[in-house]
**Student:** 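Attaching a single structure in structure tokens format; questions to follow.
Proteins come first, then strands; the chains are lettered A, B, ... in the order of their sequence lines, and each starts at number 1.
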Amino acid sequence: MDVSHLLDELNDAQRQAVTAEDGHLLVLAGAGSGKTRVLVHRIAWLIQVHHVSPMSLMAVTFTNKAAGEMRGRVGRLLDLRPEGLWIGTFHGICHRLLRMHAAEVNLPDTFQILDSEDQYRLVRRVIRDQQIDEGEHPPRQVQGFINHHKDEGRRPGQIEHFDQGFQARQVEIYQRYQDYCERSGLVDFAELLLRSVELLRDNPERRAHYQARFGNILIDEFQDTNTLQYALVRLLAGERNHLFVVGDDDQSIYGWRGARVENVAHYNRDFQPELIRLEQNYRSTRTILEAANRVIDHNDDRMGKNLWTEGEQGEPIRRFAAFNAEEEAEFVIARIQDWIAQGGRPSDCAVLYRSNAQSRLFEQTLLREDIPYRVYGGLRFFERAEIKDAMAYLRLLHNPHDDTAFERVINVPARGIGERTVARIRDHARTNGQSLAQAATEQVAQGGLSARAGHAVRSFLALVADLTEACGSASLAGAARAVVERTELVAWYQTREPADRAEAREENLSELVRAADSFQQPFEDEQAGLSPMASFLSQAALEAGEHQAERWEDCVQLMTLHSAKGLEFPLVFMAGMEEGLFPHQKSIEEPGRLAEERRLCYVGMTRAMQRLYITHAESRQTYGQTSFSRPSRFVAEIPEPLIESIRSGFRVTPAASGREAPPDTGGLALGASVRHSRFGSGTVVSLEGQGPNARIQVNFEDAGSKWLVLAYANLERIG
DNA sequence: GTGCGACGATTTTAG
DNA sequence: ATCGTCGCAC
């Protein structure tokens, strides 16, 4: 068989990885070095050359997007239907395992997945039921505590605690939360992994079965794995299976959410893999790569890697020092306008920032200039309130004893059932070991509620019964349509929210019906005996949906540096490059966290293909207060020859770049003594710019050094 | 039981 | 500044 097409377009290192003999591999894949191509071609190589059955391959990623892309590319390359392939996210694959072996891990066939919000509400419920002070144990924090320990593989009994107060209490909440989940057949995200690990660890037959099945396991973004994920990999690998691990220690930016970059070292220790470095970059100019290399070089304990390119040197990186955040936004949007004016597309431009709050000024300015844009982040489709409401009704139809769903919608839309009534139902359920639905039914029948509350609860139960009947024989889409139509969610949102907001919710609910209508049940779910409804509910939790999937217009892209990982853009702006913001204040004290910030900077820089701007502002509004800051240390880590500074006072447009007028002194000379109404007296140390843009740097005796716009500074000459 | 005003926190986030 | 949660008044 001719397999040259699998190798033709690969460089030496890529080819070496794709064609490696059996054994373990560690592919250190630098940014833009073609790692997805290597993974895809490796899978094809294994199937076509090593004659590995597609059924015995497992490929694991972190995001559905990455899994989908890999699946699609493998399918195209091999011209096969990639259905039998186990390509998926850690969570997706674990979900599949648990569905297949639900009974063995003590889960009902109907187990449900809790997303973060469901989990939060449940944790809060448990805390309240225990009458524990929410101030001392904030649900968010307890949720973090539970997830942290689960990610480390710990059950409540395995957590060391050193007191009988606070820590013991946290463990107790974890225990009770877990008990509740067990009783109700609920599984949170971390639990999907933990149960799977326990299944393989404690059940020798299952372990042997899967170890015999998956002779080749490929893992993407390995630097992002947490303790549990690495444990799973080890269990699946066993003694004989071959691991193909792809990662980049320099792109580890998720330590704060449990990722263990040390897993790369552990993998080296545990499996002694062959090391292959992919260092040739196909994305950025030489200038950008050199700058990024030099920045990341300030980190210690790297595996070491030097990105290079055969491409051209390209333009210098441009740095803009803005007076304030507004001016920074003006500058960025003006450069985007230049780009568009020269025939560039808006969607080629990305504005990257450290924290979401920074997006606002860019949005305002883009809106004003009438440039289309898209902000990443925020709630995804299945996380929106109205969608979660409708989904809760669907969950109740699927399983009337789903208490999480019951609690969410018993009074949504509002029908006069308040906290007192719900508490009464909850009590009744607890004393009789019933679900909330059962308890509510009994309470209504026994007249255990006030006339008014009883009537309201009865109407809720009637609605659910009505829906159940209507949906008994209906399709998934029919059920979704019935829910949207009969619950009157749309009308409810209309009464309590401004028209535009309510309209968006209405559109989303229609979209939900469309989504249900076009839902294709995955083959393996069908095989596992799941109903389409059960599949749909799981999938909604597991794939919350693209942020604004349909909007594929030609838009400027606004996102955090974290969300930018894995993407690339011809024109990139890194905004807010200031000490305290990036690196973030909370990361500055600890060396480990600072190193992670630097990797984030490296990730950001390596997103740029052609042109990279780095901007910072002297002052900006943070939490409603004006704050002043110095440029980020990362800016200074870029070697001078690679970077060109632009200051307010002369606008560089590509056509007119390099023309600088002499600074306008406005009658003030260097060394002059001046007084400012707020900052007091000081000495002029620098001047630049012209006319209304002229700025002056003054070293104030008390307030330190500041840049001021001459026209507004109102300086009084003294001495 | 519902609705509004005070209060406090506020980095990053996929599944 | 802004958002979400909590407490108190209708």
**Student:** Evaluate the side-chain proximity of Cys181(A) to Leu114(A): yes if any heavy-atom separation is below 4.5 Å, no if none is.
**Tutor:** yes
**Student:** Using heavy-atom distances to pick each residue's nearest nucleotide on DNA chain B, tell me which of Ala414(A) and Leu192(A) is more 5'.
**Tutor:** Ala414(A)
**Student:** Please tell me which of the listed nucleotides, dG15(B), dA1(C), dT12(B), lies nearest to the side chain of Thr89(A)?
**Tutor:** dG15(B)
**Student:** If we require ring centres under 5.5 Å and near-parallel planes under 30°, does His584(A) stack on dT11(B)?
**Tutor:** yes
**Student:** Students often get this wrong, so: under 4.0 angstrom with heavy atoms, is Glu596(A) touching a base, only sugar-phosphate, or nothing?
**Tutor:** nothing
**Student:** Taking Glu117(A) first and then Arg408(A), would you say they form a salt bridge - that is, a charged N and a carboxylate O separated by under 4.0 Å?
**Tutor:** yes
**Student:** Looking only at side-chain N and O atoms, does Thr622(A) come under 4.0 Å of OP1 or OP2 in dA1(C)?
**Tutor:** no
**Student:** Heavy atoms only, 4.0 Å cut-off, all strands: where does Asn64(A) land among base, sugar-phosphate and nothing?
**Tutor:** sugar-phosphate
**Student:** dT13(B), OP1 or OP2 - any side-chain N/O from Ser563(A) closer than 4.0 Å?
**Tutor:** yes
**Student:** In this structure, how many angstroms lie between the P atom of dA1(C) and the CD atom of Gln364(A), rounded?
**Tutor:** 13 Å
**Student:** Quick one: Lys586(A) NZ to dT10(B) C1', roughly how many Å, whole number?
**Tutor:** 7 Å
**Student:** If I take atom CD in residue Glu117(A) and atom P in nucleotide dG15(B), what distance separates them, rounded to the nearest angstrom?
**Tutor:** 17 Å
**Student:** What does Arg452(A) touch in the nucleic acid at a heavy-atom separation under 4.0 angstrom: a base, only the sugar-phosphate, or nothing?
**Tutor:** nothing
**Student:** Rounded to whole angstrom units, what separation is found between the CG atom of Leu594(A) and the P atom of dT12(B)?
**Tutor:** 18 Å
**Student:** For dT12(B), is there a stacking contact with Tyr254(A), counting only centres under 5.5 Å and planes under 30°?
**Tutor:** no
**Student:** Rounding to an integer number of Å, can you tell me how far Glu419(A) CD sits from dT5(C) C1'?
**Tutor:** 14 Å
**Student:** May I have the distance from Lys388(A) (atom NZ) to dG15(B) (atom P), rounded to whole angstrom?
**Tutor:** 15 Å
**Student:** dT13(B) P sits how many Å from Ile253(A) CD1, rounded?
**Tutor:** 9 Å
**Student:** Side chain of Arg124(A), base of dT5(C): donor and acceptor closer than 3.5 Å?
**Tutor:** no
**Student:** Using a 4.0 Å heavy-atom cut-off, does Tyr623(A) contact any base of the nucleic acid, only the sugar-phosphate backbone, or nothing at all?
**Tutor:** base
**Student:** Which nucleotide sits closest to the side chain of Arg420(A): dG1(B), dT13(B), dG15(B)?
**Tutor:** dG1(B)
**Student:** Considering only heavy atoms from C-beta outward, does the side chain of Gln521(A) approach that of Leu530(A) to under 4.5 Å?
**Tutor:** yes
**Student:** State, without any angle test, whether Asn263(A) and Thr225(A) hold a side-chain donor-acceptor pair at a distance under 3.5 Å.
**Tutor:** yes
**Student:** dT5(C), OP1 or OP2 - any side-chain N/O from Arg140(A) closer than 4.0 Å?
**Tutor:** no
**Student:** What does Asn411(A) touch in the nucleic acid at a heavy-atom separation under 4.0 angstrom: a base, only the sugar-phosphate, or nothing?
**Tutor:** sugar-phosphate
**Student:** Relative to the ring of Tyr174(A), is the ring of His149(A) parallel (under 30°), tilted (30 to 60°) or perpendicular (over 60°)?
**Tutor:** parallel
**Student:** Assess whether side chain to side chain donor-acceptor pair (under 3.5 Å) is satisfied between Gln143(A) and Tyr177(A), documenting all intermediate values.
**Tutor:** CA-CA 10 Å; Gln143(A) 181 185 23; Tyr177(A) 161 82; over 6 Å; no
**Student:** Need to verify one output field. Residue with the more 5' nearest nucleotide on DNA chain B, Val422(A) or Leu600(A)?
**Tutor:** Val422(A)
**Student:** What integer distance in Å separates Glu134(A):CD from dC7(B):P?
**Tutor:** 20 Å
**Student:** Between the base of dG15(B) and the side chain of Ser116(A), is there a donor and acceptor pair under 3.5 angstrom?
**Tutor:** yes
**Student:** Among Arg155(A), Lys150(A), Arg154(A), which one satisfies salt bridge (Lys or Arg N to Asp or Glu O under 4.0 Å) with Glu198(A)?
**Tutor:** Arg155(A)
**Student:** Counting only side-chain N and O atoms of Ser587(A), is one of them less than 4.0 Å from OP1 or OP2 of dT11(B)?
**Tutor:** no
**Student:** Do the side-chain N or O atoms of Asn147(A) get closer than 4.0 angstrom to the phosphate oxygens (OP1, OP2) of dG15(B)?
**Tutor:** no
**Student:** What interatomic distance, in whole Å, is found between P of dT13(B) and the corresponding atom of dG4(C)?
**Tutor:** 16 Å
**Student:** Under 4.0 angstrom, heavy atoms only, what part of the nucleic acid is Arg496(A) near: base, sugar-phosphate, or nothing?
**Tutor:** nothing
**Student:** Is any side-chain nitrogen or oxygen of Arg121(A) closer than 4.0 Å to OP1 or OP2 of dT5(C)?
**Tutor:** no
